[in-house]
Amino acid sequence: MRTRRARAAGVLLTSVALFAAACGGSGSDTSGSDSGTITLWARDSQKAFINIVADTWNKDHDTKVKVTVVPQANFVQKFGTAAAGGSGPDVASIDLVYLPYFASTGVLDDITDLANDLPYKDDLSAAHRRLATYNDRTYALPFTAEASVLFYNKDLFRKAGLDPDKPPANYAEIISAAKKIRALGNGTYGYAIAGQCGGCQVFEFTPHIWASGGDVLSADGKKALFDTAEVTDALTFYRTLYTDGTMPAQSRTDTGTNQPAAFLSGKLGMTPLGAFFVQVLKQNDKIDFGVAPLPGKNGGSASFSGGDEIAVTKNAKNKEQAQEFVRWATGEQAQTVLAENSIVPVRTDLIDKIYTPLDPRNKVLADAMKEGRTPYSTVENALFNDSNGPWVRMINRAVFDGDIAQAQEEGQKAAQSIIDDAP
Amino acid sequence: MSGDRHRGRRQLPFPGPAATAGAVRRRPLSRAGRRRLAGVAMTTPALAMITLFFLVPLVMMLWMSLHNWPLLGEHRFTGLKNYRDALHDTEFRTAVIFTVKYTLITTPVLFVLGLALALLVRRRHRGARFFQFLYFVPVVVGLASAAFLWLFMFQSDIGPAGDLADHLGLGSRTTNLFAGSASAMLVVIGMVTWKVVGLQMLLLLTGLQSIPTDVEEAARIDGASRLQTFRYVILPLLRPTLALVLVFSVAGSLLAFDQFYVMTGGGPSNSTITAVYEIYRTSFIKFQLGYGSALSALLMIVLVAVSAVQLLLLRSSDQ
């Protein structure tokens with residue numbers, strides 16, 4: 001009996017060793033790239049333009065860029081695991097909210113000197129520059145911008161007796177406009193949100209708090225500010241839209257797919273969304289829409305500064321060319337390609353030349369980009385973008401269950417403990 | 001016996017086909033020896049696969065669970081700290097309680113329905129075959145696809161289920177079933193039942209068909225009623241199949257993830273987060289792979305224990 005077991009174990013160990021050796025032999029140079037190419041990873045929401053950008057570069061450069069599109073929902077995990085295992089790309093286009101995290105873990109190359117040498121370094125989006133900085137070093141350059149604004153349906157505004165050229169400019173005006181549009185009947189709603197989408201809620205809800213003079217994190221990112229009066233006001237504003245019946249029941253469980261669809265159906269008066277939606281609406285060509293800044297409680301306005309930054313990875317095989325590409329991506333040629341594809345450029349010095357003239361509504365988006373803000377935290381994903389995280393949970397409970405004070409108190413506690421537990 | 005041991009020891013360093021050839025040249029193997037070697041050669045690939053894809057990851061997981069192991073950056077040995085933290089983790093506890101609740105509801109529903117369907121279609125004629133096919137079809141649909149299908153069907157305003165309820169006067173098409181924790185869970189259970197009950201039916205059906213008809217007839221001749229025959233003849237003979245079905249069903253429910261990830265996203269207000277969902281969040285949203293591994297290890301221990309208890313309960317009383 002003992003011999004049989006020992007023999008089996010021996011067979012097993014040897015075959016595993018052989019198998020592992022075989023894998024190791026063939027798999028050693030699948031990662032990275034040879035000297036003639038730069039590998040670039042981007043998320044799938046960029047697929048409409050990232051290849052056009054790469055083609056533009058490839059046309060007059062010997063080193064070619066090879067794009068890999070990664071599903072947005074898994075980008076952080078995929079890039080993180082690849083970088084940890086040394087098989088990541090040379091260049092990555094990363095959602096700017098994740099920059100502090102990736103910079104803090106040492107997977108990105110320090111490009112401080114490159115960034116400081118850019119003649120237009122002070123004209124790049126301020127929010128992007130802040131997010132790319134970790135311990136006073138720069139780890140990425142701004143690439144694309146995205147701004148959150150209020151979209152409204154001008155036809156429904158007219159039908160409800162509202163002035164389509166004078167969009168609402170504070171909470172009370174939005175609430176009253178939403179009521180009038182809901183009163184049109186026939187399944188029209190005033191205002192829709194994506195109540196179970198972390199990315200949407202940080203993008204669309206925080207601007208109201210900023211525009212009212214508040215914030216969601218302290219400047220150093222060490223303190224959560226979920227229990228402040230400005231947050232209470234903004235939650236009460238959403239809560240009122242819901243209790244008035246102007247917000248569809250779907251909003252509570254919407255993971256971000258229903259909200260744009262509802263606006264496209266022509267039965268939704270207003271909804272907060274980003275610049276990307278302009279392109280969708282223009283292709284569709286059915287809705288006469290307007291774009292307005294997201295207001296604060298008593299006026300003012302703010303925007304979330306979203307989009308991507310472009311970074312060279314620590315283990316890049318082709319560092320020199322990768323750096324050259326990253327620099328080129330912030331240049332006029334690349335930024336113009338972006339503007340032509342309805343992406344907001346990150347260059348404030350170029351925006352009035354290459355972007356604003358393309359559509360009168362782009363002015364609002366350009367201004368929103370210039371004043372845009374972004375929470376800075378190495379645990380941004382767990383705090384805000386996690387659809388089951390404290391930010392979404394607080395909003396969902398406060399708006400749809402109504403216990404605003406308790407939701408804020410628990411949200412604050414949960415958020416602070418995530419920050420305190422950060423490595 | 002001693003010759004056997006001797007030969008075994010000599011072969012140990014040269015296993016596999018190459019060694020066989022060498023051994024043959026030296027001394028012809030006995031028939032039994034050849035059979036043994038063939039057996040080893042045939043099971044080796046499977047064993048290698050199990051080692052590579054189960055044992056190695058399992059050991060790695062247990063090793064990681066003893067560390068503070070972020071997705072990126074340095075990891076550091078922390079001993080059993082992750083396990084101690086897990087015992088005081090209220091979010092994980094809530095997820096476990098929800099998973100148990102879900103399992104307690106799903107298991108009997110699936111079991112009773114599966115058995116009822118199996119009894120309905122056990123006769124060997126063409127009609128029964130057709131219904132067997134019909135009940136089994138959803139099983140071949142992927143779980144995620146089925147979840148998306150039901151998500152759409154029960155979507156407020158646009159889903160056909162709400163439309164139907166509206167026409168029948170049973171409800172309104174604007175009711176958002178996913179906005180309440182109880183109604184959201186019911187829709188998920190409905191989907192899982194539709195998707196899985198066919199497999200349970202099929203397993204129970206094979207069990208039923210392996211029971212010789214003579215025992216049933218004998219019971220009838222002795223004057224047992226239909227119900228008595230079922231209770232005292234069929235059920236006891238079905239016990240091995242019942243054990244299999246129950247272990248499958250309970251393990252499947254305790255590991256539930258896809259259906260909730262797709263259909264409720266853990267909502268409303270995190271009320272439908274299962275244990276595996278929480279492990280996913282810990283590992284890939286909070287990037288704490290070490291802590292996620294510890295939670296996985298705990299879940300694995302529970303699963304092994306539950307399955308063992310079930311098998312034991314259903315076996316011991318039979319002997």
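Lettering follows sequence order; numbering is per chain, from 1.
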Item to complete: Heavy atoms only: give me the nearest S269(B)-R393(A) pair and the separation to one decimal.
Response: O-NE, 3.4 Å
Worksheet item: So, the side chain of Q196(A) versus the backbone of P268(B): is there a donor-acceptor pair under 3.5 Å, distance only?
Response: no
Fill in: Spatial distance of atom CG (L71(B)) from atom OG1 (T81(A)) [nearest 0.5 Å]
5.5 Å
Discussion item. Working to the nearest 0.5 angstrom, can you tell me the gap between R397(A) CZ and S271(B) OG?
Written reply: 11.0 Å
Worksheet, complete the sentence: Applying a strict 4.5 Å limit to non-hydrogen atoms, the region of Y189(A) in contact with chain B is side chain
Discussion item. With a 3.5 Å distance limit and no angle check, can you tell me whether Q250(A) reaches the backbone of Q155(B) through a side-chain donor-acceptor pair?
Written reply: no
Discussion item. Please report the interatomic distance CG(L72(B)) to OG(S104(A)), rounded to the nearest 0.5 Å.
Written reply: 8.5 Å
Fill in: Reported CG-to-OG distance for the pair D254(A) and S156(B), which is rounded to 0.5 angstrom
9.5 Å
Item to complete: Would you mind checking which part of I273(B) comes under 4.5 Å of any heavy atom in chain A, side chain (CB onward), backbone (N, CA, C, O), both or neither?
Response: side chain
Worksheet item: chain B heavy atoms under 4.5 Å from N258(A): which part of the residue, side chain, backbone, both or neither?
Response: side chain
Fill in: Among the listed options N388(A), V107(A), T105(A), N396(A), the residue most often paired with chain B at heavy-atom distances under 4.5 Å
N388(A)
Worksheet item: Distance from L151(B) atom CG to T257(A) atom OG1, nearest 0.5 Å?
Response: 7.5 Å
Worksheet item: Is there a side-chain contact between F287(B) and N381(A), using heavy atoms and a 4.5 Å cut-off?
Response: yes
Worksheet item: Minimum heavy-atom separation for Q77(A) to Y280(B), with atom names?
Response: NE2-OH, 3.9 Å
Practice prompt. Check A249(A) against T174(B) and note the closest heavy-atom contact, atom names and distance.
Written response: CB-O, 3.6 Å
Worksheet entry | chain B contact via Y101(A) - which portion, at a heavy-atom distance below 4.5 Å | side chain
Discussion item. Under 4.5 Å from any heavy atom of chain B, what part of T253(A) do you find: side chain, backbone, both or neither?
Written reply: both
Item to complete: Can you see which heavy atom on A179(B) is nearest to which on R252(A), and at what distance?
Response: O-NH1, 3.5 Å
Worksheet item: When rounded to the nearest 0.5 angstrom, what is the spacing between OG in S387(A) and CZ in R281(B)?
Response: 9.5 Å
Item to complete: Answer with side chain, backbone, both or neither: which region of T43(B) has an atom nearer than 4.5 Å to a non-hydrogen atom of chain A?
Response: neither
Worksheet entry | CZ/F148(B): more than 12 non-hydrogen atoms of other groups inside 6.0 Å | no
